[in-house]
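To start, the structure itself, in structure tokens.
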Amino acid sequence: MARLGMCDINNFKLGPKSKRAISDIREVIDQGNLLAGVLAATPFYYIFGTPSVTTSPFEKLITVRDHDWSTFAKAMSGAGKTTRNRVFMIAYEQEIFTTGDEQRFWNCVSEAAK
């Protein structure tokens with residue numbers, strides 16, 4: 001049984017295209033998680049990993065304080081939005097090309113991904 005908000009679908013069987021779509025969604029989510037991890041590491045690499053013209057601890061602290069953290073926060077929130085959008089597109093395509101409970105299932109997935 002799949003239940004999502006108003007969705008209540010019992011005992012249905014996924015077709016081959018839906019199984020492939022679920023595999024695609026898993027890959028999108030995995031890539032989104034990887035992207036979020038890389039984006040999280042970027043400011044730390046930028047601050048501590050790149051060769052710096054400044055070498056004193058005081059100058060290094062100024063570099064940390066001057067880093068554009070708001071841009072980083074926007075990039076992190078954008079990664080989640082991109083992942084949701086890709087999941088929505090996969091689910092919506094499946095919703096269009098399926099019928100019955102399978103179509104209702106994909107409708108629930110696409111609505112959740114909006």
Check your understanding: Can you name the residues that form a side-chain contact (heavy atoms from CB on, under 4.5 Å) with Q103, not counting sequence neighbours?
Key -> E95, T98
Point to revise | Verify same cluster id: F97, M89 (apolar side-chain graph, 4.5 Å) | key: yes
Exercise for review: Rounded to the nearest 0.5 Å, what's the gap from CD on E93 to CD1 on I90? Could you check?
Suggested key: 8.5 Å
Check your understanding: Quick check: are there more than 12 heavy atoms from other residues, nucleotides or ligands sitting under 6.0 Å from OH of Y92?
Key -> no
Side chains of residues 22-39: which donor-acceptor pairs under 3.5 Å do they make with residues two or more places apart or in other chains?
| unit_1 | atom_1 | unit_2 | atom_2 | d |
| --- | --- | --- | --- | --- |
| E27 | OE2 | Q31 | NE2 | 3.2 |
| Q31 | OE1 | R86 | NH1 | 3.2 |
| Q31 | OE1 | R86 | NH2 | 3.4 |
| N33 | ND2 | I29 | O | 3.4 |

Point to revise | Over all atoms of both residues, closest heavy-atom pair of A91 and S110 | key: CB-N, 3.7 Å
Check your understanding: Atom CD of E111 and atom NZ of K114: how far apart are they, to the nearest 0.5 Å?
Key -> 4.0 Å
Practice item. Only counting residues at least two apart or in another chain, list the ones meeting side-chain contact (heavy atoms from CB on, under 4.5 Å) with K13. Key: none
Exercise for review: Search all heavy atoms of W106 against all heavy atoms of S18 and return the closest pair with its distance.
Suggested key: NE1-OG, 2.8 Å
